[in-house]
Undergrad: 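Encoded as structure tokens, here's the structure I'll be asking about.
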Amino acid sequence: MAALPLAAALPAVAAEAGLEDYRPAFAPARTEDGRPLVAIRRFRLAGKPHVLTVEVPDFRTRIRPEEWISWELGPDAAASYAALLDALTGPPHPVENAGLTHARGAAEGFFLTVDMCPSSKPFEAGFFAALAARAAHDGRAMPVAISISGYWALDHAAEFASLIERQRLGQLDITWVNHSYAHRYLRGVPDRENFLLLPHTDFEQEVLRTERLLIARGLTPSVFFRFPGLVSNERLMAALRRLGLVPLGADAWLAKLQKPRPGSIVLVHGNGNEPFGIHEARHYLADATQRWLPLNEALAG
């Protein structure tokens with residue numbers, strides 16, 4: 001049996017009330033037809049056991065009732081996924097921009113990532129409309145990875161809902177990237193002590209609370225986590241590895257005038273805080289010959 005999209009299986013309001021016992025896991029499994037999986041979360045939804053799984057080798061995530069999978073060991077997808085995580089969370093550990101910054105293999109196109117950090121400003125509605133227009137021109141949903149912070153989603157509920165609606169309409173092919181829950185930042189504090197490195201930060205809850213928020217709204221968290229400010233250290237990388245997630249950096253932060261090349265992970269902010277990056281991105285979007293690729297394809301190779 002194929003897994004249904006969660007939004008089709010359960011209304012968001014019911015999911016909000018019925019999501020319980022959400023916890024990390026890391027175990028090999030298989031679909032009923034024998035395809036390898038890694039279960040990285042287990043939880044109860046509307047009273048029934050569910051799992052968040054990573055499909056290997058394409059690294060897409062799905063939410064499945066636990067009864068739809070088999071825990072019998074087949075090809076050990078967990079071992080190959082663990083090796084990938086080790087490579088991307090291991091040394092060296094620069095304070096800024098560690099992890100996946102460029103496609104691991106040959107890629108004939110760019111990977112668009114849009115960060116939604118907490119902000120008091122309206123989001124870049126025109127930019128997301130331009131992405132939908134590009135989709136109409138191409139005849140397929142526009143691939144885009146949206147890095148969601150919990151506080152932005154809560155403070156901009158209508159804007160968040162509009163992104164979900166564009167996904168439902170087939171305009172955007174969204175990879176939902178975890179960008180932490182609170183996205184704390186103190187002006188004047190050096191990066192090596194700021195963001196998720198601030199005292200009294202519960203890193204695991206920063207990750208899991210955002211995943212719960214996404215699932216409660218009928219969405220599926222991806223394997224990707226983008227550190228606020230792109231700032232991390234060895235301790236946070238080890239904690240992220242234990243949670244089974246891929247750290248996502250960028251090698252083409254457009255507001256910093258970094259130029260993309262084939263395989264680049266492009267970074268802009270869609271929360272109204274960085275209009276110059278959005279302005280630069282529009283130039284690349286206007287080039288109809290430029291290919292945009294789903295973010296999971298950056299892990300191939």
Undergrad: Could you tell me if the side chain of His183 sits less than 4.5 Å from the side chain of Phe195, heavy atoms only?
TA: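 Yes - at least one pair of side-chain heavy atoms lies under 4.5 Å apart.
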Undergrad: Determine, step by step, whether Arg35 and Asp33 satisfy the side-chain contact (heavy atoms from CB on, under 4.5 Å) criterion, reporting the C-alpha distance in whole Å, the side-chain angles of both residues, the deciding distance to 0.1 Å, and the verdict.
TA: CA-CA 6 Å; Arg35 288 177 291 116; Asp33 60 1; 3.3 Å; yes
Undergrad: Do the ring planes of Tyr81 and Phe26 sit parallel (below 30°), tilted (30 to 60°) or perpendicular (above 60°)?
TA: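 Because their plane-to-plane angle is under 30°, the rings of Tyr81 and Phe26 count as parallel.
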Undergrad: Is there a side-chain contact between Leu112 and Tyr284 (heavy atoms, below 4.5 Å)?
TA: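 They are not in side-chain contact.
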Undergrad: What is the distance from atom CG of Asp287 to atom CZ of Arg134, rounded to the nearest 0.5 Å?
TA: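 So the CG of Asp287 and the CZ of Arg134 are separated by 7.0 Å.
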Undergrad: Taking all non-hydrogen atoms of both residues, which atom of Asp115 and which atom of Ser147 are closest, and how far apart?
TA: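 So the two residues come closest at OD1-OG, 3.1 Å.
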Undergrad: Would you confirm whether Glu159, through its side chain, and Phe123, through its main-chain N or O, come within 3.5 Å as a donor-acceptor pair?
TA: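 Yes, Glu159 side chain to Phe123 backbone: donor-acceptor pair under 3.5 Å.
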Undergrad: Is there a side-chain contact between Phe225 and Leu236 (heavy atoms, below 4.5 Å)?
TA: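 Contact flag for Phe225/Leu236 side chains = no.
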Undergrad: Quick check on the hydrophobic clustering: are Val231 and Phe227 connected, directly or via other members, by side-chain heavy-atom contacts under 4.5 Å?
TA: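 Per the 4.5 Å side-chain linkage, Val231 and Phe227 are co-clustered.
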Undergrad: Please tell me whether Phe203 and Leu230 are part of a single hydrophobic cluster in this structure, the criterion being side-chain heavy atoms less than 4.5 Å apart.
TA: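 No; Leu230 is not reachable from Phe203 via cluster members.
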Undergrad: Might you work through the side-chain contact (heavy atoms from CB on, under 4.5 Å) test for Arg62 and Leu37, ending with a clear yes or no?
TA: CA-CA 10 Å; Arg62 298 283 293 275; Leu37 304 170; over 6 Å; no
Undergrad: Using a 4.5 Å cut-off on heavy atoms from C-beta on, say whether the side chain of His179 contacts that of Met116.
TA: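 Side chain of Met116 against side chain of His179, heavy atoms only: no contact under 4.5 Å found.
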Undergrad: In a table with atom names and distances, give each donor-acceptor pair under 3.5 Å that connects a side chain of residues 259-270 to protein atoms at least two apart or in another chain.
TA:
unit_1: Ser264; atom_1: OG; unit_2: Asp251; atom_2: OD1; d: 3.2
unit_1: Ser264; atom_1: OG; unit_2: Asp251; atom_2: OD2; d: 3.3
unit_1: Ser264; atom_1: OG; unit_2: Arg261; atom_2: N; d: 2.9
unit_1: Ser264; atom_1: OG; unit_2: Arg261; atom_2: O; d: 3.0
unit_1: His269; atom_1: ND1; unit_2: Glu274; atom_2: OE1; d: 3.1

Undergrad: Say whether Leu131 and Leu169 are linked into one hydrophobic cluster, either directly or through other cluster members, by side-chain heavy-atom distances under 4.5 angstrom.
TA: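 Different clusters: Leu131 never reaches Leu169 through Ile, Leu, Val, Met, Phe, Trp or Tyr contacts under 4.5 Å.
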Undergrad: May I ask you to say whether Arg291 pairs ionically with Glu108, meaning some side-chain N is under 4.0 Å from a carboxylate O?
TA: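 Salt bridge absent between Arg291 and Glu108.
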Undergrad: OG1 of Thr113 to CZ of Arg226: how many Å apart, nearest 0.5 Å?
TA: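 Taking OG1 in Thr113 and CZ in Arg226, the distance rounds to 3.5 Å.
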Undergrad: Given 3.5 Å as the limit, does a donor-acceptor pair link the side chain of Ser149 with the main chain of Ser180, or not?
TA: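 Such a contact is absent between Ser149 side chain and Ser180 backbone.
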Undergrad: So which atom in Leu295 and which in Ala145 form the shortest heavy-atom distance, rounded to 0.1 Å?
TA: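 Taking every non-hydrogen atom into account, CD2-CB, 3.6 Å.
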Undergrad: Any idea which heavy atoms bring Ser222 and Trp176 closest together, and the distance?
TA: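 Of all heavy-atom pairs spanning Ser222 and Trp176, the closest is OG-O, 2.9 Å.
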Undergrad: Establish whether Tyr185 and Trp253 are linked, either directly or via other cluster members, by ILVMFWY side-chain heavy-atom contacts under 4.5 Å.
TA: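 Tyr185 does not cluster with Trp253.
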Undergrad: Quick check: do Pro24 and Glu204 have side-chain heavy atoms less than 4.5 Å from each other?
TA: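 Counting from C-beta outward, Pro24 and Glu204 do come under 4.5 Å.
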Undergrad: Given 3.5 Å as the limit, does a donor-acceptor pair link the side chain of Arg166 with the main chain of Ser162, or not?
TA: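 No; zero donor-acceptor contacts below 3.5 Å.
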Undergrad: Nearest 0.5 angstrom please: Leu219 CG to Thr175 OG1, how far?
TA: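 It comes to 12.0 Å.
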Undergrad: Between Leu299 and Leu88, is any pair of side-chain heavy atoms under 4.5 Å apart?
TA: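 Heavy-atom side-chain distance check passes, below 4.5 Å.
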Undergrad: Does Arg212 qualify as a cation-pi partner of Tyr181, given the criterion of NZ or CZ under 6.0 Å from the six-membered ring centre and within 45 degrees of its axis?
TA: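 Not flagged: Arg212 not positioned over aromatic ring of Tyr181.
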Undergrad: Return yes if some donor-acceptor pair links the side-chain N/O of Asn271 with the main-chain N/O of Asn273 below 3.5 Å, else return no.
TA: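 Flag set: sc Asn271 to bb Asn273 pair under 3.5 Å.
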Undergrad: Counting only heavy atoms not in Glu234, do more than 12 fall under 6.0 Å of its CD?
TA: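 No.
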Undergrad: Is there a side-chain contact between Thr220 and Leu52 (heavy atoms, below 4.5 Å)?
TA: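 Yes, close enough: below the 4.5 Å cut-off.
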Undergrad: Parallel, tilted or perpendicular: which describes the rings of His50 and Phe43, with under 30° parallel and over 60° perpendicular?
TA: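 Ring orientation of His50 relative to Phe43: parallel.
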Undergrad: Would Thr61 and Phe224 satisfy side-chain contact (heavy atoms from CB on, under 4.5 Å), going step by step from the backbone distance to the final call?
TA: CA-CA 10 Å; Thr61 49; Phe224 297 100; over 6 Å; no
Undergrad: Strictly distance-based, threshold 3.5 Å: is any side-chain N or O of Ser70 a donor or acceptor partner for the main-chain N or O of Glu32?
TA: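 Absent.
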Undergrad: Could you measure the distance from the CD1 atom of Ile164 to the CD1 atom of Ile146? Nearest 0.5 Å is fine.
TA: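 These two atoms lie 9.5 Å from each other.
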Undergrad: Regarding Glu55 and Arg64, does a basic nitrogen lie under 4.0 Å from an acidic carboxylate oxygen?
TA: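 The answer is yes: the pair qualifies as a salt bridge.
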Undergrad: Is the His156 ring parallel, tilted or perpendicular to the Trp152 ring (thresholds 30°, 60°)?
TA: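 Aromatic pair His156/Trp152 classed parallel.
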Undergrad: Supply the members, apart from Val189, of the Ile/Leu/Val/Met/Phe/Trp/Tyr cluster built from side-chain contacts under 4.5 Å; use none for a lone residue.
TA: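 ILVMFWY cluster around Val189 also holds Leu186, Leu198.
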Undergrad: In Å and rounded to the nearest 0.5 Å, what is the OG1 to CZ distance from Thr53 to Arg41?
TA: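 Thr53 atom OG1 to Arg41 atom CZ measures 12.0 Å (nearest 0.5 Å).
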Undergrad: Can you name the closest pair of heavy atoms from Ser232 and Met237 and give their distance?
TA: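 The answer is OG-CE, 3.6 Å.
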Undergrad: Are Leu154 and Leu214 connected into the same hydrophobic cluster when the rule is that any two of I, L, V, M, F, W, Y join if their side-chain heavy atoms are below 4.5 Å apart?
TA: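 Leu214 and Leu154: one cluster.
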Undergrad: Which residues pass the salt bridge (charged side-chain N to carboxylate O under 4.0 Å, His left out) test with Arg104, not counting sequence neighbours?
TA: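 By the salt bridge (charged side-chain N to carboxylate O under 4.0 Å, His left out) rule, Arg104 matches no residue at all.
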Undergrad: I need the minimum non-hydrogen distance between Ala130 and Arg282, along with the two atoms involved.
TA: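 Of all heavy-atom pairs spanning Ala130 and Arg282, the closest is CB-NH1, 3.8 Å.
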Undergrad: For the side chain of Asn296 and the backbone of Asp58, is there at least one donor-acceptor N/O pair under 3.5 Å apart?
TA: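 A pair under 3.5 Å: yes.
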Undergrad: What closest approach, in Å, do Pro118 and Tyr151 show between heavy atoms, and which atom pair accounts for it?
TA: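 Pro118 and Tyr151 have their closest heavy atoms at CG-CB, 3.9 Å.
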Undergrad: Dump the intermediate steps for side-chain contact (heavy atoms from CB on, under 4.5 Å) on Phe59 and Val246, then the final yes or no.
TA: CA-CA 10 Å; Phe59 306 107; Val246 171; over 6 Å; no
Undergrad: Nearest 0.5 Å, please: how far is CE in Met142 from CG in Leu172?
TA: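 Here the interatomic distance stands at 8.5 Å.
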Undergrad: Heavy atoms, side chains only, cut-off 4.5 Å: are Pro65 and Lys48 in contact?
TA: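 In short, these two side chains do not touch, never coming nearer than 4.5 Å.
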